[in-house]
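Heavy-atom basis, side chains included; hydrogens, waters and symmetry copies ignored. All of these numbers come straight from a predicted model, not from anything done at the bench.
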Amino acid sequence: MPELPEVETTARLIRPHVTGRTIERVHVSWTRTLGGQSAAEFRRRIVGTRIASVGRRAKFVVFELRRGRVDAGVLLCHLRMTGRLVVDRPTLEPSPWERVRLELDRGVLRFLDVRKFGRFTHLHDPAPVFDALGPEPLGEQFTAAWLRRGLRTRRRALKPLLLDQTFLAGLGNIYVDEALFRAGLHPLRRSDRVPPAAATRLHAAIREILAAAIEREGSSFDSFYRTPEGQPGSYQHLFQVYGRDGQPCRVCGRTLKRIVVSQRGTHFCTRCQPAPRPLSSPRS
DNA sequence: CTATGGCCCTGGTTGC
DNA sequence: TGCAACCAGGGCCATA
């Protein structure tokens with residue numbers, strides 16, 4: 001599923017094709033993709049605007065729009081599970097999964113989404129959305145000290161906490177599992193019981209894994225995520241735990257386990273990531 | 001503050 | 001072989 005590295009890759013690869021382009025026509029074939037707005041209103045807001053920049057915040061691809069010199073708000077695209085942004089390729093046959101199509105003064109930007117969970121919305125001002133998100137894991141605000149304090153001042157299991165976009169923005173199921181493995185921390189470990197040294201390891205693990213995944217243009221292990229160029233990423237070859245349950249740990253050899261945490265498949269090594277002592281444990 | 005569970009969706013997998 | 005049931009999962013919302 002697209003997480004920070006996949007979204008970053010998407011933004012980088014479409015940027016040169018759409019920056020500076022003007023939106024001339026808009027086709028919407030699945031209205032709910034617009035997140036509650038009508039196609040007519042969506043069209044009214046963005047037709048005639050120019051795409052001034054393409055960036056990323058958390059798992060959003062962010063298009064800044066201008067009408068002439070005047071700020072015209074932003075388009076926010078969230079890929080969720082199966083969304084893809086694709087720039088025009090002459091060979092690209094019309095996809096049955098196209099939900100929104102922006103026809104530009106040169107080229108076409110398509111939003112494809114098999115499962116229809118993705119969103120492509122226009123906001124006059126994204127500040128309320130962005131302000132509700134935690135810091136960027138690759139940004140300056142995300143320091144080891146910040147994470148140590150963040151863990152200490154909350155009492156949640158590590159995995160759901162790291163998945164919480166209001167705590168830290170951009171991680172998803174895959175990279176959380178990989179980061180916890182690298183840091184040697186069990187996904188159910190309570191955040192306020194993580195020793196400072198381990199929190200520091202987790203901070204490094206998160207940044208290293210995300211940076212490495214961006215270098216490889218993300219992960220593609222099923223038929224869903226592809227770069228806008230149609231190519232798969234390659235970080236899946238470096239997975240240590242995600243999807244490897246039943247196979248041996250690459251570090252210690254023990255068979256990797258899969259459990260469900262917060263309704264999500266969770267992969268870890270019982271030796272490298274020792275279980276926390278549950279409070280309810282009858283004896284200890 | 002934290003946890004749980006339903007909901008949205010559809011293609012692929014599983015079970016009989 | 002055929003078909004129905006089941007599953008995955010990010011974010012959001014209601015409930016406890």
Side-chain angles (χ1 to χ4, degrees), chain A residues 1-8 10 28-37 56-62 76-85 95-100 111-121 123 126 128-134 136-137 149-180 186-194 210 213 218-226 232 236 239 241-246 258-268 276 278-280:
Chain A
M1 308 82 239
E3 305 178 24
L4 188 154
E6 291 76 22
V7 179
E8 178 66 29
T10 296
V28 179
S29 39
W30 185 256
T31 307
R32 299 175 75 154
T33 297
L34 304 181
Q37 193 165 68
R56 179 193 61 77
R57 169 76 169 107
K59 299 178 199 170
F60 292 100
V61 179
V62 184
L76 288 190
C77 183
H78 199 302
L79 275 30
R80 291 281 177 93
M81 311 291 299
T82 56
R84 292 179 56 195
L85 284 169
S95 167
W97 299 308
E98 178 184 290
R99 308 304 178 196
V100 176
F111 179 64
L112 318 179
D113 188 15
V114 172
R115 290 189 190 164
K116 301 177 175 174
F117 282 4
R119 291 294 179 263
F120 200 32
T121 59
L123 294 178
V129 172
F130 292 167
D131 290 349
L133 297 168
E136 286 290 324
R149 177 180 170 74
L151 297 187
R152 181 163 34 87
T153 56
R154 305 195 182 214
R155 311 175 143 215
R156 297 179 68 182
L158 283 177
K159 173 138 183 181
L161 181 59
L162 294 174
L163 286 173
D164 184 344
Q165 302 296 298
T166 70
F167 178 69
L168 184 62
L171 291 177
N173 203 39
I174 295 171
Y175 297 107
V176 165
D177 280 6
E178 293 296 319
L180 288 172
H186 192 283
L188 290 177
R189 189 73 166 271
R190 248 178 61 167
S191 61
D192 58 337
R193 300 211 176 151
V194 173
L210 292 178
S219 308
S220 303
F221 52 91
D222 56 25
S223 54
F224 294 125
Y225 169 72
R226 293 293 182 274
Q236 67 277 10
F239 284 173
V241 289
Y242 187 83
R244 295 196 66 244
D245 46 301
R258 179 184 190 276
I259 58 176
V260 174
V261 176
S262 303
Q263 325 266 48
R264 288 183 176 78
T266 298
H267 315 75
F268 69 105
L279 278 177
S280 56

With sequence neighbours excluded, what pairs up with A:Arg57 under the side chain to side chain donor-acceptor pair (under 3.5 Å) test?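 Counting only residues at least two positions away or on another chain, A:Arg57 forms a side chain to side chain donor-acceptor pair (under 3.5 Å) with A:Glu136.
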Who pairs with A:Asp177 by side chain to side chain donor-acceptor pair (under 3.5 Å), at least two apart in sequence or on another chain?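 Partners of A:Asp177 under the side chain to side chain donor-acceptor pair (under 3.5 Å) test: A:Lys159, A:His267.
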Atom pairs under 3.5 Å, N or O on each side, protein against nucleotides 3-8 of chain B: can you list them with distances?
{"from": "B:dA3", "atom 1": "OP2", "to": "A:Arg156", "atom 2": "NE", "distance (Å)": "3.1"}

Listed partners of A:Phe167 passing ring-ring contact (aromatic ring centres under 6.0 Å, His included), at least two apart: A:Trp146
Within the structure shown, what part of the strands sits under 4.0 Å from A:Gly265 by heavy-atom distance: base, sugar-phosphate, or nothing?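 If one applies the 4.0 Å heavy-atom cut-off, A:Gly265 turns out to touch the sugar-phosphate alone, with no base involved.
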Tell me what A:Asp113 touches on the nucleic acid: a base, only sugar-phosphate, or nothing, going by heavy atoms under 4.0 Å. nothing
Partners of [X] by side-chain contact (heavy atoms from CB on, under 4.5 Å), sequence neighbours excluded?
{"X": "A:Arg156", "result": "A:Pro160, A:Leu161, A:Asp164"}
{"X": "A:Gln37", "result": "A:Leu34, A:Glu41, A:Phe42, A:Arg45, A:His122"}
{"X": "A:Arg32", "result": "A:Trp30"}
{"X": "A:Lys59", "result": "A:Val7, A:His78, A:Gln165"}

Positive for salt bridge (charged side-chain N to carboxylate O under 4.0 Å, His left out) with A:Arg56, one of A:Glu6, A:Glu3, A:Glu8: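 Of A:Glu6, A:Glu3, A:Glu8, salt bridge (charged side-chain N to carboxylate O under 4.0 Å, His left out) with A:Arg56 is met by A:Glu8 alone.
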Mind checking salt bridge (Lys or Arg N to Asp or Glu O under 4.0 Å) for A:Arg155 and listing every partner two or more places apart, or none if nothing turns up?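 If we apply the salt bridge (Lys or Arg N to Asp or Glu O under 4.0 Å) test to A:Arg155, skipping adjacent residues, the hits are A:Asp192.
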Hey, is the main chain of A:Phe239 close enough, under 3.5 Å, to the side chain of A:Glu178 for a donor-acceptor pair?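 No.
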Five-pair end axes of the helix from B:dT2-C:dA16 to B:dC16-C:dG2, angle between them (10°):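 Rounded value for the end-axis angle: 60°.
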Closer than 4.0 Å, any side-chain N/O of A:Trp97 to the OP1 or OP2 of B:dG11? yes
Covered region of DNA chain C, 5' end to 3' end, by chain A [heavy atoms, under 4.0 Å]: C:dA8 to C:dG11
